[in-house]
Amino acid sequence: MVTRRGLLAAGATGGAAALVPAGWAASGLAFAVAASLDARDIPKYVTPLRIPPAMPTVASGPERDTYEIAVRQFRQQILPPPWPRTTVWGYGSTAHPGSFGYPAPTIMARVGRPVRVTWVNQLVDDRGDYLPHLLPVDPTVHWANPAGGIEHRDRHGRWDGSPQGYRGPVPQVVHLHGAHSSQESDGHAEAWYLPVARDLPPDFAVSGSAYREFRSRFAERSGLRWTPGSATFEYANDQRPCTLWYHDHTLGLTRENVYAGPAGFYLLGGGDELPQEALPGPAPTRDDPPNASYHDIPLMIQDRSFTADGELRYPKRYSGNGDGPPVAVPGFTGSTIVVNGRTWPTLTVRRRRYRFRLLNGCNSRFLLLSVAANATARPARPVLPVWQIGSDGGFLPEPVAHERVSLGPAQRVDAIVDFTDVPAGTELYLVNEGPDGMYAGGRPGVDFPPADPQTTGQVLRFVVTDAAGADPSVPPDQLRLPAHPRLGAAQRVRRLSLNERGSGGSTVMLLGVLDERGRGLPLRWSDPVTEQPTLGDTEVWEVRNFTRHVHPVHLHQVQFELLGRGHSGRSRPGPADRGWMDTVLAYPWEVTRIKARFDLPGRYAWHCHLLEHEDNEMMRPLNVLPRGGAAAGDGGAAAVDGGAAAGDGGAAGGVGGAPTASTDAG
């Protein structure tokens with residue numbers, strides 16, 4: 001049993017001295033940024049945690065729930081008063097003007113019940129003129145590039161010498177991260193669209209190169225035609241109950257668009273969900289009364305920096321010598337932690353169990369989270385276990401107790417924290433010991449300095465109060481989770497690579513394949529497609545990381561199994577990695593082996609979810625071909641039962657050559 005004495009004793013140990021953040025200074029390159037607000041001047045734990053409400057529908061019929069959701073610009077209190085409100089973007093229901101927020105309201109969905117959303121780009125002012133980006137936009141990367149017109153959209157742009165870069169209308173397209181979506185509803189990076197604005201330049205492209213194709217496909221499927229400035233997607237919800245999230249996915253602009261605020265949770269329930277009373281609840285639902293009490297709470301954890309006047313801060317330019325054209329930002333970690341749109345909030349909890357849907361919504365920051373009694377002592381002394389019951393794609397085979405939870409960008413952990421035995425009046429803290437810069441794995445305080453314990457090392461305060469009534473939920477160590485389905489034998493093994501290359505004074509991260517000698521062959525978004533599974537096939541992907549950093553690798557359309565890691569990719573995953581996932585951490589100089597079944601045809605993508613990497617060529621097309629279609633050579637190998645085991649970096653099928661025999665050791 002946890003006692004007040006034990007909590008205080010645990011919190012009193014360890015030093016509280018601030019560590020100098022590593023940041024990104026190790027690269028030797030400098031950011032030119034607006035005057036910044038010192039994060040240490042921001043008071044902590046003076047505002048309550050904001051819990052996003054449920055997104056209102058516009059219709060709920062026998063066949064589906066229907067939403068019309070727009071992205072708009074507004075001001076929101078992110079910093080505590082008396083700092084001013086911050087200009088952000090966020091989603092909300094067009095029929096409910098008061099619903100807009102950062103993060104957005106949560107879409108509450110049910111397994112087997114489709115959801116149809118019309119996503120509208122309303123980044124315009126009161127006069128109907130387009131709004132420029134809140135942040136500086138580098139037009140030289142391979143991006144949506146509306147100013148390039150029809151011929152040069154979705155290509156590299158040009159720098160005109162302006163420190164703000166591109167100042168035109170902002171393209172948007174929404175991706176439901178982790179969803180089993182058809183191609184026209186996936187939020188393809190080249191299916192973006194501009195707002196309907198009265199001052200759009202006549203020579204600008206108003207939509208991406210894939211927009212018309214997917215508009216036609218959706219019309220054929222549903223009989224509905226997308227209207228200008230919008231796209232209508234339908235989500236079948238034909239997957240296990242899980243925690244998803246939605247965010248912008250515009251080609252070459254995802255880092256700035258997501259940083260500006262538009263993101264929200266999508267909680268898929270039902271199906272093989274446990275009985276309602278077994279897990280802590282409720283979560284927010286539509287038409288909840290004011291001041292409703294929730295015990296199933298989504299937590300979107302992000303890092304942000306602010307200017308001295310309270311606005312969002314992001315690098316204006318990045319260059320080796322301080323002048324010349326911009327070079328793509330290699331990564332960014334902010335100086336504050338923001339949870340559900342507020343810096344360092346407080347959550348009052350009762351002496352009972354709570355379910356937390358943890359999401360790392362940062363651009364590039366990795367999180368190592370634990371519950372401690374002392375906010376600044378390092379190393380942190382965890383005083384309550386975080387019981388993980390699910391990962392990206394649903395429940396684990398069995399609950400796993402963590403002292404520290406690791407979360408890469410875009411990853412989710414479905415967790416239970418039990419405050420039952422914590423004395424009323426106790427204050428506990430969710431703390432972060434991940435680094436303040438690039439993450440290469442290892443232990444905080446040993447292999448890297450942990451986040452500054454005075455700022456980015458703190459996340460959230462819990463204030464424990466007396467219980468109110470019985471807690472019907474099952475203690476996490478006694479939970480019996482639903483049966484965990486497994487994939488069958490694979491038809492193919494692909495050998496892929498994560499690479500880094502010097503370019504123009506900076507280092508560019510690239511995906512690719514392995515050549516015939518097992519070396520990384522880097523490829524860009526525009527290079528010929530190499531990952532082309534056949535519809536219905538199960539494949540093993542062996543991803544070899546030739547870089548110095550950990551990369552969260554995300555595949556669209558599928559939830560996959562992690563088979564192994566390590567030098568050969570044969571080290572079996574730990575208990576927390578044995579569930580379904582859509583984003584996997586690939587560690588430096590290791591092989592990460594995953595298995596997925598591709599059962600929806602069409603055009604998708606796979607990429608690193610460090611958003612600065614994704615926007616600068618660390619994304620590749622993923623095309624699922626109809627059975628019998630011709631596939632390009634891709635460095636893969638057919639999986640043959642009884643064949644020789646795939647080697648550790650040995651010869652793979654040559655690019656464009658005949659596949660070689662291998663085995664599915666998963």
Side-chain angles (χ1 to χ4, degrees), residues 70-73 89 91 118-125 127-175 184 186-216 226-233 247-262 314 316-317 325-326 328-329 524-526 603 605 607 611-612 614-617 619 621:
V71 57
R72 294 178 182 172
Q73 180 170 300
W89 296 341
Y91 300 113
T118 296
W119 300 101
V120 189
N121 185 345
Q122 292 186 343
L123 293 177
V124 294
D125 63 18
R127 298 168 300 181
D129 294 339
Y130 69 80
L131 291 166
H133 213 292
L134 296 176
L135 308 169
V137 174
D138 177 3
T140 67
V141 299
H142 187 173
W143 75 298
N145 193 23
I150 296 296
E151 184 178 358
H152 296 288
R153 62 184 169 177
D154 298 326
R155 297 188 185 182
H156 288 79
R158 295 181 179 178
W159 180 53
D160 64 1
S162 166
Q164 286 291 333
Y166 170 82
R167 300 296 292 165
V170 179
Q172 295 272 302
V173 63
V174 178
H175 171 56
E184 64 270 17
D186 183 58
H188 192 280
E190 293 180 348
W192 52 268
Y193 44 94
L194 297 183
V196 174
R198 66 175 189 169
D199 61 340
L200 286 180
D203 56 342
F204 272 41
V206 298
S207 59
S209 54
Y211 182 88
R212 175 180 289 186
E213 173 194 344
F214 292 143
R215 180 183 63 186
S216 297
W226 301 350
T227 58
S230 73
T232 301
F233 296 166
H247 61 80
D248 181 79
H249 205 267
T250 301
L251 181 68
L253 198 58
T254 302
R255 66 200 185 283
E256 284 113 339
N257 282 358
V258 172
Y259 192 85
Y314 191 83
K316 280 189 175 181
R317 292 181 56 199
V329 177
R524 297 177 179 267
W525 172 252
S526 58
R603 300 167 58 191
H607 57 85
L611 297 186
E612 283 74 19
E614 172 187 341
D615 278 351
N616 189 31
E617 299 291 355
M619 181 165 69

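Numbering starts at 1 and runs along the sequence shown.
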Checking [Y] against [X]: is there a side-chain donor and acceptor pair closer than 3.5 Å?
X	Y	answer
Glu617	Trp525	no
Glu614	His249	yes
Asn616	His142	no
Trp192	Asp154	yes

Quiz item: Hey, what do you get for OG1 (Thr254) to CE (Met619), rounding to the nearest 0.5 Å?
Solution: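 Spacing of OG1 (Thr254) from CE (Met619) equals 6.5 Å.
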Quiz item: What is the distance from atom OG of Ser209 to atom CZ of Arg155, rounded to the nearest 0.5 Å?
Solution: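 So the gap between those two atoms works out to 9.5 Å.
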Quiz item: Quick one: are the ring centres of His133 and Trp89 less than 6.0 Å apart?
Solution: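 That pair passes the under 6.0 Å test.
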Practice problem: State yes or no: are the ring centers of Trp226 and Tyr193 separated by less than 6.0 Å? | Solution: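 Ring-ring flag for Trp226/Tyr193: false, centres at least 6.0 Å apart.
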Quiz item: Are Arg153 and Glu190 ion-paired here, with the side-chain N under 4.0 Å from a carboxylate O?
Solution: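 Here Arg153 does not pair with Glu190 in a salt bridge, since their nearest N and O are not under 4.0 Å apart.
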Side-chain heavy atoms of [X] within contact of [Y], under 4.5 Å:
X	Y	value
Val206	Pro228	no
Val71	Val120	no
Val174	Asp248	no

